[in-house]
Amino acid sequence: MPLEKTSAPAGKAQVAVEGTATAGSAGGTRAQARARAARNRRITVHSARVLLLIALLGLWEWLARSAVIDPFNFSMPSKIWDQIVRWATDGTPQGTLWEQIWYTLYEALVGWIIGVVAGVILGIALGRVRFLSDVLGPYIKVLNALPRIVLAPIFLIWFGLGPASKIASAVVLVFFPVFFNAFQGAREVDRNLVANARILGASNRQVTFQVVIPSATSWIFTSLHVSFGFALIGAIVGEYIGATKGLGLLVSASQGTFNAAGVYAAMVILAVVALLAEALLSFLECSLFRWKPADAGDGR
């Protein structure tokens with residue numbers, strides 16, 4: 001009889017273990033299916049992008065060769081590619097192509113760093129200190145309303161043809177989007193977190209560095225994606241107006257000689273640099289924010 005009494009619980013335990021194993025297997029299968037669906041979606045998206053690019057370039061080439069559009073003004077992809085290859089192998093009138101790319105990238109990178117640092121510091125400061133916001137807010141709004149591209153000739157007069165004038169142009173374009181995002185991020189911090197930190201005895205400095213800045217980091221990184229493109233624009237515009245080296249000078253020189261392929265070639269190189277910078281920023285963001293859930297639109 002005792003054996004019969006103990007056999008029932010043992011049977012139930014075995015069923016429970018089998019049920020848990022089945023549930024775990026089903027969960028693993030679902031996870032694998034989701035991962036496979038996400039991978040297939042990424043492949044589909046990338047394939048569609050490549051096919052769209054090939055179709056657009058093929059249409060452009062066909063329209064130019066059939067004289068539907070003027071090949072002198074619009075050029076064609078094959079000539080643009082030949083121009084890039086010629087610059088890469090034979091160099092440009094201003095030096096090697098890699099030197100021009102590095103010169104522009106250096107100006108944009110330095111201007112971007114200065115603009116980001118200044119924008120983050122002032123944005124957090126004004127977001128945290130109401131008095132500073134009330135005093136400096138109107139001046140920042142006025143400066144933001146100015147067409148900042150027209151400042152490039154002024155910077156050229158002040159700093160000359162060297163990289164300083166292009167860095168200044170990049171700084172003014174980068175500063176404002178970073179500043180407003182940092183400012184808004186500091187203002188949108190959960191008040192309960194700040195109140196809890198106060199209750200635990202945190203000082204203003206500790207609240208700023210341990211609560212406000214981490215909470216505003218997502219806002220700041222959002223602006224970094226846009227701001228580096230602005231830094232490139234600032235450097236290119238400055239070089240276009242007056243410079244001794246850089247991709248902007250290549251655009252200006254090609255325009256002066258009616259070389260449409262050269263203008264488009266410089267734009268293609270600039271686009272590749274911008275895409276690589278965006279990919280690097282996205283990688284850094286994913287590395288720093290692994291805790292963030294994937295977007296619903298990712299199909300994951």
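In what follows, residues are counted from 1 in the order of the sequence shown.
Under the 4.5 Å side-chain criterion, counting only non-hydrogen atoms from C-beta, Leu250 is in contact with Leu97. Using a 4.5 Å heavy-atom threshold, the side chains of Phe175 and Leu143 count as separate. With contacts defined as side-chain heavy-atom distances shorter than 4.5 Å, the pair Phe183/Ile124 does not qualify. In this structure the side chain of Lys79 never reaches within 4.5 angstrom of the side chain of Gln83, judged on heavy atoms. Side-chain contact between Phe74 and Leu63: absent, with no pair of heavy atoms (C-beta onward) separated by less than 4.5 Å. Between Leu126 and Phe179 the shortest side-chain heavy-atom distance falls below 4.5 Å. Looking at Phe180 and Ile140, their side chains come closer than 4.5 Å, going by heavy atoms from C-beta outward. Proximity of Asp82 to Val85: side-chain heavy atoms (C-beta onward) are nowhere separated by under 4.5 Å.
Between the side chains of Glu239 and Thr104, a donor-acceptor pair is found at a separation under 3.5 Å. In the model, Ser227 has a side-chain atom that pairs as donor or acceptor with a side-chain atom of Trp112 under 3.5 Å.
The 12-atom threshold is not exceeded at OH of Tyr106, counting heavy atoms of other residues, nucleotides or ligands nearer than 6.0 Å.
Grouping the Ile, Leu, Val, Met, Phe, Trp and Tyr side chains by contacts below 4.5 angstrom, directly or via other members, places Ile241 apart from Leu249.
Sorted by first and then second residue, the salt bridge (charged side-chain N to carboxylate O under 4.0 Å, His left out) pairs involving residues 152-172 (not counting sequence neighbours) form an empty list.
Annotation for Leu56: hydrophobic cluster partners, listed by chain and number, are Leu52 (ILVMFWY side-chain heavy atoms under 4.5 Å, direct or chained).
A donor-acceptor pair under 3.5 Å is formed between the side chain of Glu61 and the backbone N or O of Ser78.
Two rings, from Trp60 and Tyr264, have their centers less than 6.0 Å apart.
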